[in-house]
Structure formats: C-alpha cells, structure tokens
Protein chains: 2
Amino acid sequence: MTGKVDTRQAILDRAAELLQERGFNAFSYKDISTHLGIKNAAVHYHFPTKSDLGAALMRRYRERFDAWVAELEVRHANDPVKRLDGYLSVPLSYLRNGRKVCPIGVVEAEFDTIPEAMRDETRAFDARSRAWLAEVLEEGRASGIFRFDGSAADKALLITAALQGALQVARAGGVRLFFVALRQIKRDLGVAASVPTG
Amino acid sequence: MTGKVDTRQAILDRAAELLQERGFNAFSYKDISTHLGIKNAAVHYHFPTKSDLGAALMRRYRERFDAWVAELEVRHANDPVKRLDGYLSVPLSYLRNGRKVCPIGVVEAEFDTIPEAMRDETRAFDARSRAWLAEVLEEGRASGIFRFDGSAADKALLITAALQGALQVARAGGVRLFFVALRQIKRDLGVAASVPTG
DNA sequence: GTCTATAACGTGATAGAC
DNA sequence: GTCTATCACGTTATAGAC
C-alpha cells in the first residue's frame, strides 16, 4: 500500500546482483547505496556488518530455493523431465540475466576470505540443492526416463558442479558454451535437449 | 650458481598460491612481499601494476600447461587412459595442496572486475586446455576405451566445467566430494576409477 | 530510517636514496 | 634491485543530528 518498497529487500536484491556479477569482495556498501539512492550509513542500519549482509543473502537464496521446490512439486510432482528442466532453468536465468554465475560458485571461489556465518549458509544451500536434484534423478531413473551409472547422489554432484563451472566458463568463452554443456548433460542422461540450446 | 632465487619467479609462485586460495581481488602486494621478506615497492619493480602481475601469471599457467602436455605426449603418446589420468591429476594436486581451486575458475568468477589483459590470457589458457582434452577423448573413443555420446569437444567442455566446479564444491562440502565427482566422470566414460578416490 | 561527518585502515602506486 | 617514505583513494564502520 505504501509506495515505498522494503529497503531491506532492495538491499538484498542489489547485493545478490553484485555478488553474482563481481564476487563478494569486489562490491561495497556504496555500490548498494548509490543504486538505491540512499547513503552508505542507511545500508549499515539494516546490515551492521558486511558479514551480516552476506549471511542474510545466502540464507535468502536457500529459503527461496525451498519455496521454489515446494511450488514445483505441486505443478510437476510426477514428471522428472519437467522437474529437471525446472532445475536447469535456474542457472539458465543467471546466464541470460547478465552472465551472472552461480552464487554458490562465487562464494566457494572466495571461501577462505568470507565470513564464517556466510560459509555456513552456503553449505546449507549447497547441500539442499544437490539433495533435491538427486531425488529427481533417482525417480527419473526408476521411471526409465533417465539413464546413468552410479548413485543418484554422485550423478547429482557431477551435474551441479558442471553447471556451476559452465556458467563461469561461459564468461570467458561465450554463452554458447553453457548451452553446449547443458546439452551434454542431457545427452549423458539419455534424454533429448528440451531446454533451448542457443 | 647464485644462492639467490629469481625474485620474479618467486613473486609469481606466491601470487599463484594466493590466487587459487583467495582470488585475485583478495590478495595484495603486501601479501606477496611479506612472504618473500622484501618490501611492497620491490614487487612493483618487477610488476609495475597488478594488471601486469595478473596477466603474467595467467600467461605462465598456459606456458606451463603447454610444456606439461609436450612432456606427457612423449611418455604416454598412445595411452588415452594415462593421458586422461595425467589431466585429472592437475586439479587433484590443487585439491591436495591446500584445497586450492582452478585458476581459471577463480578468474572467471571475478571476470568483470579483473584487468582486460588478464582476461585475454585466461581465455587462451582455457581454450588450450579444453582442446587438448577433446583430442584425448576422441582418440580414446576411437580406440574403444572411452564411451560417450556427442562430440569430443562437447564432452571435454562438460568434464572441464565439472572439475572446475567440483574443486569449488569441495571447499564447502569437503574433499570427498571432489573424489566422488572424479569417479562419476570416469564412470560416465565407461572406465574404472584408477585415480585414488579418497 | 536516513542523514552528515568522520574515523581507522588497507590498498595500489610513485619518487628518490642507496 | 631493494629500500624508505609518502600519496591519494576506497573501504568498513560508527556517532550523533534529524
């Protein structure tokens, strides 16, 4: 009802963009405040330290992922291909929205330099995301839709690592490389590429 | 003959460690100079700007890779499995030597914040590395040793992206995850894991 | 909840002596 | 080739007015 948007959320929105575009160490409170038309100190009011900001940011990623999963389960509860495509559409949206990379990947690349609270939230998000994909893969294999050797957990790890890496590689080598990786992932699962490939 | 080691090389050695441990933006000239027991200004003598340092660093990675390939070709010219294992031993050494990540991955994560000269060298290194792996995969498939669908270039891209991502994931989730990814990569190629798996 | 003002610090970089 | 000394700047963070 108020024309005013929630500043706290707006800060996190901008921080998320900056994280995935530049990394945690390469953006500042001023980058955020300028973008919102406020001052440096106002951001500190909402997040006293950068550690607070970073941890809240990763926590929100995880919460949103959980909400996204819950919604997807309702719509495509019994369709492994649709669930997989839903999962793959996340990094795809990162790529299309300014060649952003996976937040987990950036944070892990800077892991030894970021606040401990942020690392904890990252671990939680990472494990959650991988576990859900493993579930999808297992069901798809049981249905005879996916084909792969080894455990679903192992295969899920490989796929998430590849997606994370492919988003990064696309920065240096061009977006086409991400689509190639995506296609190969599906090929290796024995399914045709149904997500746009370029 | 002189007891003195080449300072320029020592700087690059330390910079390489710091890059793979902390990222390009999170280390300083002082981190390097202190480690070598010299002063900040001495480092600037060898590399006037950080851009110079970063570009020289990535160039050296590529040159060393080329030399490494040349040596490996002599020893294992006709053994795709040994050549693949050689390739996989590189990220493995990163992992074991202090949970370092792939230099290409870190740089790509920070891509929009690093000097253009450094980006150019990164692109060159990345393309070189992937092209060589594709060659190995193609020969291995022709010999009936590897099994995979799609082009060797596509498969090479997927594998390099996965290795890059897996090194990062191992930071948050533990080194075991890298070995799991490694095993799955080989499984998907239809070969048994011959590199230590944990 | 946002502002002004400022503190305290680390950074990349340079000048000039040795 | 390395040193001392210093500069200009950006950063996180805080105090206190409004």
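Quantities reported herein were computed from a predicted structural model and do not represent experimental measurements. Letters A, B, ... are given to chains in the order of the sequence lines, protein chains preceding strands, and every chain is numbered from 1.
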Atom CG of L18(B) and atom P of dT11(C) are separated, to the nearest Å, by 11 Å
Here the distance between atom P of dA13(C) and atom CZ of F47(B), to the nearest Å, is 13 Å
Nearest whole angstrom, please: distance from the C1' of dT11(C) to the CD1 of I32(B).
-> 13 Å
DNA chain C nearest-nucleotide lookup for N40(A) and F24(B): closer to the 5′ end is N40(A)
Could you tell me whether R123(A) and E116(A) have a side-chain N and a carboxylate O separated by less than 4.0 Å?
-> yes
Side chain proximity check, Y29(B) to L53(B), heavy atoms < 4.5 angstrom | yes
Using whole Å, report how far CG of N25(B) lies from P of dT11(D).
-> 12 Å
Euclidean distance, E121(B) CD relative to M118(B) CE, rounded to 0.5 Å | 10.0 Å
Using a cut-off of strictly less than 4.0 Å, decide whether H46(A) has a side-chain nitrogen or oxygen near OP1 or OP2 of dT2(C).
-> yes
Interatomic distance, K39(B) NZ vs dT6(D) P [rounded to whole Å] | 15 Å
Would you indicate, yes or no, if dG1(C) has its OP1 or OP2 atom less than 4.0 angstrom from a side-chain nitrogen or oxygen of T7(A)?
-> no
Starting at the 5' end of DNA chain D and moving along, which residue's nearest nucleotide shows up first, D31(A) or A41(A)?
-> D31(A)
Between H44(B) (NE2) and dT11(C) (P), how many Å, whole number?
-> 11 Å
Compare side-chain N and O positions of S28(A) against OP1 and OP2 of dG10(D) and report whether any pair is under 4.0 Å apart.
-> no
Please state whether the phosphate of dT2(C), meaning OP1 or OP2, lies under 4.0 angstrom from any side-chain nitrogen or oxygen of Y45(A).
-> no
With distance as the sole criterion, is a donor-acceptor pair present between the side chains of R187(B) and Q184(B) under 3.5 Å?
-> yes
Value in whole Å for how far the P atom of dT4(C) lies from CD1 of I38(A) = 12 Å
Under 4.0 Å: is that the gap between some side-chain N or O of K50(B) and OP1 or OP2 of dG12(C)?
-> yes
Whole angstrom value for the distance that separates P of dT4(D) from OH of Y29(B) = 19 Å
First encountered from the 5' end of DNA chain C, between A42(A) and S51(B) = A42(A)
Does I32(B) reach the side chain of N40(B), with side-chain heavy atoms less than 4.5 Å apart?
-> no
